[in-house]
2 protein chains.
Amino acid sequence: MPKIVDHELQKAKVAEATWRVIQKHGIEQASVRNIAEEAGISVGSMRHYFSTQSELLSYSMKRVSERVSQRIYDTVFSGDLMQDIPSLLHEVLPTDNEKRLEMEVWFSFVVKSLSDDSLRTLRHQVDDELRSIFVTVFNGLSESQLLLPGLDFAIEVERFYAVLDGLAIHAVMRPERVTPEVMVAVIRRHLLSLCQPGVHSMAQKPDSNAKKEQPRDT
Amino acid sequence: MPKIVDHELQKAKVAEATWRVIQKHGIEQASVRNIAEEAGISVGSMRHYFSTQSELLSYSMKRVSERVSQRIYDTVFSGDLMQDIPSLLHEVLPTDNEKRLEMEVWFSFVVKSLSDDSLRTLRHQVDDELRSIFVTVFNGLSESQLLLPGLDFAIEVERFYAVLDGLAIHAVMRPERVTPEVMVAVIRRHLLSLCQPGVHSMAQKPDSNAKKEQPRDT
DNA sequence: CCTTATTTAATACAAATGTGCTAAAATCAA
DNA sequence: TTGATTTTAGCACATTTGTATTAAATAAGG
């Protein structure tokens, strides 16, 4: 009988090597040779798991999305929406090095998917999933009667989702400015701005984020 | 005397050819040969304007940013902030095919700049410029005493900027969902949410965007 | 210790890449 | 028209690319 190797584990190892290559040298350097070297195996060996480069990249992109999904799935909820929504979004935003790696790689794949049909579908799926989180969020807030009256849900979903992805991009591009603390503060502020005054922020000092800073002249 | 060719005009032509190649086939296909073919000139000829590929890409990226700056600069203002701010952001967001091309190409360069030092500086400059617009916006709103009291300017700047870039990304990725109308509505809603009730939206029917839609179950 | 199925490594090859070099074409002043 | 000078085109060359093929190494069953 043959040498037994965990196929899935090897594929995952190669996928993670792909991420590192992309982060360090850009997706244009994600050649089969560079990835094999990063993974510590030979090209011929790698081809046993991925018969084409396109397969390899698709799989690597899928693995990123699965990692993010897993993170969301693993999030523990308290029942307090004003606590749970920031917690959830904290797991999506690049608030540590591991998540930043994922996000940088994800953006690389996303941009590539603009001109690569084999990646487009997955991008749309992930986009739909992520967006549906915000639909769920608004349903939850609405049922708990925390929301301000008269909100246009469709617009608010797009707005909240835009805040999330905008923060994510900015955190990746300017980590020294858009720190985890800034991200959390922005998310919390946005959430509070959608809710009735007074009702929200149970077990959280109310309004502690609303310092009255003066704008600087420019 | 030699043949006279408008150097700058030729360089601009090549830069725009670069954009089209990137939009159609991705930045990894932005080779000197592909770009020269798209521009309708020979490789040897192109090398007369850009001695290296790195130069070519840097210049093309710079041209995109200049186009956006020019658009901002050309925007005419009415004096009514509640009108002018959406107008200004409308010029930045990908609200038509030309601007969508720019934005797709810009994102390609931005992602590449994560692993290419020769592009990093320009990205930071543009980022700083764009962000400073929001500082200016908040200064203006503050001076006109339109703002809600107690706002944390630093957080609000990041939030508004995140809404902008998030919308831009989503519009590029999902143009059928994030239409120009949606973008305008989100921007307007965000702006209004920052301002005192009643005071805002001169010459604009107040609250016309606030339909009471119900969230759909998912 | 063999046998055998499977993984791994190495090599091969055509295509595409960036860049250098050379000769032809084109243009304006004389 | 002539001549000077720049633009243009084409080829050359070493590297890197994706993929195919082939031989060696490996591990489990007999």
Side-chain angles (χ1 to χ4, degrees), chain A residues 1-22 24-61 108-109 111-113 115-119, chain B residues 1-22 24-61 108-109 111-113 115-119:
Chain A
M1 270 294 178
K3 177 176 176 182
I4 291 296
V5 174
D6 188 329
H7 226 74
E8 286 309 312
L9 203 123
Q10 278 284 75
K11 287 180 76 173
K13 209 179 76 176
V14 172
E16 288 170 32
T18 305
W19 302 346
R20 291 194 299 274
V21 170
I22 291 176
K24 276 188 282 190
H25 306 111
I27 201 166
E28 47 265 336
Q29 292 296 319
S31 64
V32 289
R33 283 172 180 81
N34 289 346
I35 293 169
E37 191 186 13
E38 175 72 36
I41 61 177
S42 76
V43 175
S45 174
M46 200 171 71
R47 239 178 91 73
H48 215 251
Y49 304 112
F50 303 101
S51 56
T52 86
Q53 171 177 262
S54 176
E55 242 179 77
L56 199 173
L57 293 181
S58 293
Y59 182 84
S60 296
M61 181 175 177
S108 297
F109 280 125
V111 167
K112 186 175 174 63
S113 77
S115 55
D116 186 333
D117 287 339
S118 67
L119 304 180
Chain B
M1 270 295 178
K3 176 176 174 180
I4 292 296
V5 174
D6 187 331
H7 226 74
E8 287 309 312
L9 203 124
Q10 279 282 74
K11 286 180 77 173
K13 210 178 75 176
V14 172
E16 289 172 29
T18 305
W19 302 347
R20 292 194 298 275
V21 170
I22 290 176
K24 278 188 281 192
H25 306 112
I27 202 166
E28 46 266 337
Q29 291 298 319
S31 65
V32 289
R33 283 170 180 81
N34 290 344
I35 293 170
E37 190 187 13
E38 175 72 35
I41 62 176
S42 74
V43 175
S45 175
M46 200 171 69
R47 240 176 89 73
H48 216 253
Y49 302 113
F50 303 101
S51 56
T52 85
Q53 172 177 252
S54 175
E55 242 179 77
L56 199 172
L57 292 181
S58 292
Y59 182 83
S60 296
M61 181 174 178
S108 298
F109 280 125
V111 167
K112 186 175 174 63
S113 78
S115 53
D116 186 333
D117 287 339
S118 67
L119 305 180

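In the text below, chain A, chain B and the rest are named by the order of the sequence lines, each starting its count at 1. The basis for the numbers below is simple: all heavy atoms, side chains too, and nothing from hydrogens, waters or symmetry mates. Given the structure is predicted, the values throughout are model-derived calculations rather than measurements.
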Extract from the structure each pairing of a protein N or O with an N or O of nucleotides 18-21 of chain C at less than 3.5 Å, listing the distance.
unit_1 : atom_1 : unit_2  : atom_2 : d
C:dG18 : OP1    : B:Gln53 : OE1    : 2.0
C:dG18 : OP1    : B:Gln53 : NE2    : 3.2
C:dG18 : OP2    : B:Val32 : N      : 3.1
C:dG18 : N7     : B:Arg33 : NH1    : 2.7
C:dG18 : O6     : B:Arg33 : NH2    : 2.9
C:dT19 : OP2    : B:Gln53 : N      : 2.8
C:dG20 : OP2    : B:Arg47 : NH1    : 3.3
C:dG20 : OP2    : B:Arg47 : NH2    : 2.4
C:dG20 : N7     : B:Arg47 : NE     : 3.4

Review point. Can you find a side chain N or O atom of A:His7 that sits less than 4.0 Å from OP1 or OP2 on C:dT6?
Key: no
Check your understanding: Does B:Tyr49 have a side-chain nitrogen or oxygen under 4.0 Å from the phosphate oxygens OP1 or OP2 of D:dT7?
Key -> no
Exercise for review: Kindly say if B:Asn34 contacts the phosphate of C:dA16, meaning a side-chain N or O under 4.0 Å from OP1 or OP2.
Suggested key: no
**Study point:** Phosphate contact (D:dT16 OP1 or OP2) by A:Gln29 side-chain N/O below 4.0 Å
**Key:** no
Check your understanding: With a non-hydrogen cut-off below 4.0 angstrom, is A:Phe50 in contact with a base, only sugar-phosphate, or nothing?
Key -> nothing
Revision key, fill the gap. Here the distance between atom P of D:dT17 and atom NE2 of A:His25, to the nearest Å, is 12 Å
Exercise for review: With sequence neighbours excluded, give me every salt bridge (Lys or Arg N to Asp or Glu O under 4.0 Å) pair touching residues 35-46 of chain A.
Suggested key: A:Arg20-A:Glu38, A:Lys24-A:Glu38
Check your understanding: Would one find a side-chain N or O of A:His48 under 4.0 angstrom from OP1 or OP2 of C:dT8?
Key -> no
Practice item. Take atom CD of A:Gln10 and atom C1' of C:dT6, then tell me their distance rounded to the nearest Å. Key: 13 Å
Review point. Taking the six-membered ring for Trp, are B:Tyr59 and B:Phe50 parallel (under 30°), tilted (30 to 60°) or perpendicular (over 60°)?
Key: tilted
Practice item. Write down the distance between CE (A:Met46) and C1' (D:dA20), rounded to a whole number of angstrom. Key: 15 Å
